[in-house]
2 protein chains.
Amino acid sequence: MIRLLLADDQALVRGALAALLDLETDLEVVAQVGRGDEVVEAARASGAEVCLLDIEMPGLNGIDAAAAVRRELPGVRSLVVTTFGRPGYVRRAIEAGASGFVVKDTPARQLADAVRRVHAGLRVIDPDLAAESLIDGPSPLTDRERELLTHALDGSPVATIAARVHLSEGTVRNHLSAAIGKTGATTRSEAARIAQDRGWL
Amino acid sequence: MIRLLLADDQALVRGALAALLDLETDLEVVAQVGRGDEVVEAARASGAEVCLLDIEMPGLNGIDAAAAVRRELPGVRSLVVTTFGRPGYVRRAIEAGASGFVVKDTPARQLADAVRRVHAGLRVIDPDLAAESLIDGPSPLTDRERELLTHALDGSPVATIAARVHLSEGTVRNHLSAAIGKTGATTRSEAARIAQDRGWL
DNA sequence: AGCTGGCCGTGACACCTGTCATCCGGACCG
DNA sequence: CGGTCCGGATGACAGGTGTCACGGCCAGCT
């Protein structure tokens, strides 16, 4: 019997996944959480062996949660699930210590198999995503550029961003200009979207 | 036995919801589709009585799909499910002929009850969302403003938007300026986000 | 000790954007 | 019929934005 922890911020999806996986006779959902920063504690308390982690979560995202699990509970394996593409996430998830990476677009029947493989110590990675992540390569952005791009995601004016990060307005423009060049965009909003799509944020 | 159709673009979520609802002895999932424009045909072929529709779908969104079901299959009821807030969606979903509106944040156990109520001819609406939709009121945007805002969602420059809709650059700026005023924003990106959050797009 | 590269800042310049005033045509309504 | 509203357009102006050149600081590497 494989003991599972589910982490997803949407209660309905979480409950539905639990129903799906509980149908398997060799799987048992022993914990469910809706926030990334509750994963480690719940996994420890419930004695989970595999954690199914969504990326988009309040508190702590799924990748950082996988890293925390890796650090605090070395024997527990993580399987990261996310909504779509975002090839860059694959690389970061694996580097964070996740054993698998699955998109929510895969057929439901394959999920249980992915869990079993991860539990057995194998790596499970969506082949299409793996290929894309190799094509795009790692992020060329510096830490500052990444930080500023995340603040530019919602289209905030430069002045606002500069105030939030306590930098000069000109400096922010320079960093963002560099990021625009590296992403091949022409606007900071466009650069931010491209970077996010590639998982560089 | 209530015959159900599931529509969600993410196969994993779709399958999981099917597993969840099939656990109920009085419910039966008779059709699953991943696109909005396949809903009516699948509902007709399978003899579904209630359609569970996600809003974000390729082809046709859940609200328009509900309207199509209403028009083509008057006896079939629709229950719209979406990821979060977006109060304006509630109003539009109901106007489109949906019998219910549920967010993916609700506990999994309540979903089956919502389906039963909708099947019985009752209206099911998340109370928090209903309250918010009353506070925000209907969209004050004109059709043009709405159209231009959707093109402004990704942060495209005015020139690009003008070319896409075959309008003068100045006209686009004027409409967007009006939209910015109505949303209380200071940038077209911000206005676009606000309008989307309120379901005005 | 030099070189490199990231980070921070300034200044200048061309261009883009948001706002306002003003105009015209059509549709709708009292 | 006149009033009102929306769509479309123009022109002008202040302020925001992207780019570039330049300088300075610091860490790491040769």
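In what follows, chains carry the letters A, B, and so on, assigned in the order in which the sequence lines appear, proteins first and then strands, with residues in each chain numbered from 1.
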Checklist entry - Distance from A:D105 atom CG to A:T82 atom OG1, nearest 0.5 Å? => result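 Going from CG on A:D105 over to OG1 on A:T82, the span is 11.5 Å.
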Next on the checklist: I need the B:L4 CG to B:D22 CG distance, nearest 0.5 Å.
Outcome noted: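 Here the interatomic distance stands at 8.5 Å.
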Atom-pair distance ([atom1] on [X]; [atom2] on [N]), nearest Å:
X      : N      : atom1 : atom2 : value
A:L148 : C:dG6  : CG    : P     : 15 Å
B:E145 : C:dG18 : CD    : P     : 14 Å
A:R146 : C:dC7  : CZ    : C1'   : 15 Å
B:K182 : C:dG18 : NZ    : C1'   : 16 Å
A:L149 : D:dT17 : CG    : P     : 15 Å
A:H175 : D:dT19 : NE2   : C1'   : 15 Å
A:L176 : D:dT19 : CG    : C1'   : 13 Å
B:I161 : D:dG8  : CD1   : C1'   : 16 Å

Checklist outcome for this item: Its contact letters, B for base, S for sugar-phosphate only and - for none at protein heavy atoms under 4.0 Å, make nucleotides 9-16 of chain D read BB-B----
Checklist entry - Taking the side chain of A:D143 as its heavy atoms from C-beta onward, which of C:dG18, D:dT19, C:dC7 lies nearest to it? => result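 Among the listed nucleotides, the one closest to the side chain of A:D143 is C:dC7.
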Next on the checklist: Looking at A:E190 and A:R193, is there a salt bridge between them, counting it only when a charged N and a carboxylate O are closer than 4.0 Å?
Outcome noted: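 Looking at A:E190 together with A:R193, the answer is no, because their closest N to O distance does not fall below 4.0 Å.
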Next on the checklist: Please determine whether the number of non-hydrogen atoms from other residues, nucleotides or ligands lying under 6.0 Å from atom CD of B:E41 exceeds 12.
Outcome noted: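 Not buried by this count: 12 neighbours or fewer within 6.0 Å.
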Item to check | Residue-phosphate contact under 4.0 Å: A:T142 side-chain N/O, C:dG6 OP1/OP2 | outcome: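 False: A:T142 side-chain N/O out of range (4.0 Å or more) of C:dG6 OP1/OP2.
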Next on the checklist: So, OP1 or OP2 of C:dC8: does either fall under 4.0 Å of a side-chain N or O from A:R144?
Outcome noted: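 Checking C:dC8 against A:R144, a side-chain N or O does come within under 4.0 Å of OP1 or OP2.
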Item to check | Side chains of A:M1 and A:L27 in contact at under 4.5 Å (non-hydrogen atoms) | outcome: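 Counting from C-beta outward, A:M1 and A:L27 never come under 4.5 Å.
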Item to check | side-chain hydrogen bond (donor to acceptor under 3.5 Å, both in side chains) partners of A:H151, counting only residues at least two apart | outcome: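 Checked A:H151 against side-chain hydrogen bond (donor to acceptor under 3.5 Å, both in side chains); zero matches.
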Checklist entry - By side-chain hydrogen bond (donor to acceptor under 3.5 Å, both in side chains), which residues pair with A:S46, not counting sequence neighbours? => result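 Counting only residues at least two positions away or on another chain, A:S46 forms no side-chain hydrogen bond (donor to acceptor under 3.5 Å, both in side chains).
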Next on the checklist: Strictly by salt bridge (Lys or Arg N to Asp or Glu O under 4.0 Å), give each pair with a member in residues 168-189 of chain A just once, sequence neighbours left out.
Outcome noted: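 Matches after skipping sequence neighbours: A:E145-A:K182.
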Item to check | Where at least one partner belongs to residues 2-11 of chain B, residue pairs that pass salt bridge (Lys or Arg N to Asp or Glu O under 4.0 Å), sequence neighbours excluded | outcome: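 Sorted pair list: B:D8-B:K104.
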Checklist entry - Between the two end axes of the helix from C:dA1-D:dT30 to C:dG30-D:dC1, each built from 5 base pairs, what angle do you get to the nearest 10°? => result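 Inter-axis angle at the termini of the helix from C:dA1-D:dT30 to C:dG30-D:dC1: 30°.
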